[in-house]
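A quick write-up on the structure given underneath.
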Amino acid sequence: MRFMSIASGSSGNSYYVGTDKVSLLLDAGISMKRIDSGLGKLGLSLRDIDGVLITHEHIDHVKSLGSLARKYNIPIYATYGTIDGIMTVGSLGTFDYNLFKPLKNDCSFVLGDMNINVHPISHDASDPVCYSFENEGHKLSVATDMGKYDDSLMDFLSESEAMLIESNHDIRMLEVGPYPYPLKRRILGDKGHLSNEAAGTLIRGLLHDKIKYIGLGHLSDKNNYPSLAYETVKQELSDNIYTDDVRDFGLTVASRNECGEIIEL
């Protein structure tokens, strides 16, 4: 199984997950051109994509979905509520809604040789979810856009060898930053976004001795810095029982502008 972050940030998100038998996009919140360019680093193009999985209908996760659907007729996997939400996003234009493959928000299904698991998250969208992927005994998870997490979500993410977890903002930067007060309250609320500190606490609870990659994703461009997210989470992970050096976990920050490394499991 291979994973690559094509783009991750408050301005747009898209990831690749695949095997030798199936190639998938997780979210399409950047331009089609950027996605296709990113796939080129894997020796692929959009013509090779077998499906697009959508976490929720916010524009930084669906920006190019209409274009992808019209040009490539790619199946779109999303929850019933998310599909309803997508249909209200006028900027996507019209496309064949028969491409939608509706999902329940707590289901599992198979595409090719990959088992895909779906779990609800706490965010201000119609029916938002996160996903985990399993193939040949390996597990990868991507969980962003959540104001809080609980034991159920931690159980869902447990035993992931690779994970990308939201580390959206530094609380102090957000509180003194330029956003209007209602937006600050939204981000800090239970249906907003995870702070660096909360991301570190979540990840610490998911640690085990087989982790190969921990990506910090969906960083705010106004209320965070990559170095700050990294150092905050690094501090939260200190004194764990598995290693003295978090680099052993592959801790890194996913970029909003550049593709990440290709993770092989």
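Hydrogens, waters and symmetry mates play no part in the numbers below; they use all other heavy atoms, side chains included.
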Item to complete: Write out all pairs satisfying side-chain hydrogen bond (donor to acceptor under 3.5 Å, both in side chains) with one or both partners inside residues 172-184, taking only residues at least two apart or from two chains.
Response: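 Qualifying pairs, neighbours excluded: D170-R172, R172-E197.
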Practice prompt. Would you confirm whether the ring centroid of H193 sits within less than 6.0 angstrom of the ring centroid of H169?
Written response: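 Centroid separation for H169 and H193: 6.0 Å or greater.
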Fill in: Aromatic centroids of F133 and F3 separated by under 6.0 Å
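When the ring centroids of F3 and F133 are compared, they turn out to be at least 6.0 Å apart.
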Worksheet item: Rounded to the nearest 0.5 Å, how far apart are NE2 of H56 and SG of C130?
Response: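 Separation between the atoms: 12.0 Å.
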Worksheet item: Quick one: CG on L228 to CE on M173, what's the gap to the nearest 0.5 Å?
Response: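 Result: 7.0 Å between the selected atoms.
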Validation row: [X], [Y] side chains within 4.5 angstrom (heavy atoms):
| X | Y | result |
| --- | --- | --- |
| I121 | T144 | no |
| L157 | M163 | no |
| L99 | V52 | no |
| E161 | H138 | yes |
| D50 | L111 | no |
| V233 | I165 | no |

Step through the shown structure and confirm whether more than 12 heavy atoms of other residues, nucleotides or ligands are within 6.0 Å of [atom1] on [X].
| X | atom1 | answer |
| --- | --- | --- |
| D209 | CG | yes |
| R47 | CZ | no |
| D96 | CG | yes |
| D155 | CG | yes |
| E264 | CD | yes |
| D221 | CG | yes |

Item to complete: Give the intermediate values and the outcome of side chain to side chain contact (heavy atoms under 4.5 Å, CB included) for residues L219 and V253.
Response: CA-CA 9 Å; L219 271 67; V253 178; 3.7 Å; yes
For [X] and [Y], work out which heavy atoms get closest and say how close.
| X | Y | result |
| --- | --- | --- |
| D127 | T79 | O-OG1, 2.9 Å |
| I211 | H208 | CG1-NE2, 3.4 Å |
| Y149 | L202 | OH-N, 3.4 Å |
| I6 | R34 | CG2-O, 4.0 Å |

Practice prompt. Could you pull out all residues at least two apart from N196 that satisfy side-chain hydrogen bond (donor to acceptor under 3.5 Å, both in side chains)?
Written response: S167, N224
Discussion item. Taking side-chain hydrogen bond (donor to acceptor under 3.5 Å, both in side chains) as the definition, give me every residue that meets it alongside S238, ordered by chain and number, with sequence neighbours left out.
Written reply: none
Discussion item. Please determine whether side chain to side chain donor-acceptor pair (under 3.5 Å) holds for the pair T55 and Y131, giving the CA-CA distance in whole Å, both sets of side-chain angles, and the decisive distance to 0.1 Å.
Written reply: CA-CA 8 Å; T55 58; Y131 294 89; over 6 Å; no
Would you check if there is a donor-acceptor pair between the side chains of [Y] and [X] at a distance under 3.5 Å?
| X | Y | result |
| --- | --- | --- |
| S122 | D190 | no |
| S23 | Y16 | yes |
| D84 | S126 | no |
| Y213 | T252 | no |

Discussion item. Angle between ring planes, Y97 versus F100, binned at 30° and 60°: parallel, tilted or perpendicular?
Written reply: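 Correct class here is parallel.
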Worksheet item: Using 30° and 60° as the class limits, which term best fits the ring planes of H119 and F156: parallel, tilted or perpendicular?
Response: tilted
Worksheet item: side-chain contact (heavy atoms from CB on, under 4.5 Å) with S108: which of N117, L103, V118, I116?
Response: N117
Discussion item. With a 3.5 Å distance limit and no angle check, can you tell me whether D48 reaches the backbone of S45 through a side-chain donor-acceptor pair?
Written reply: yes
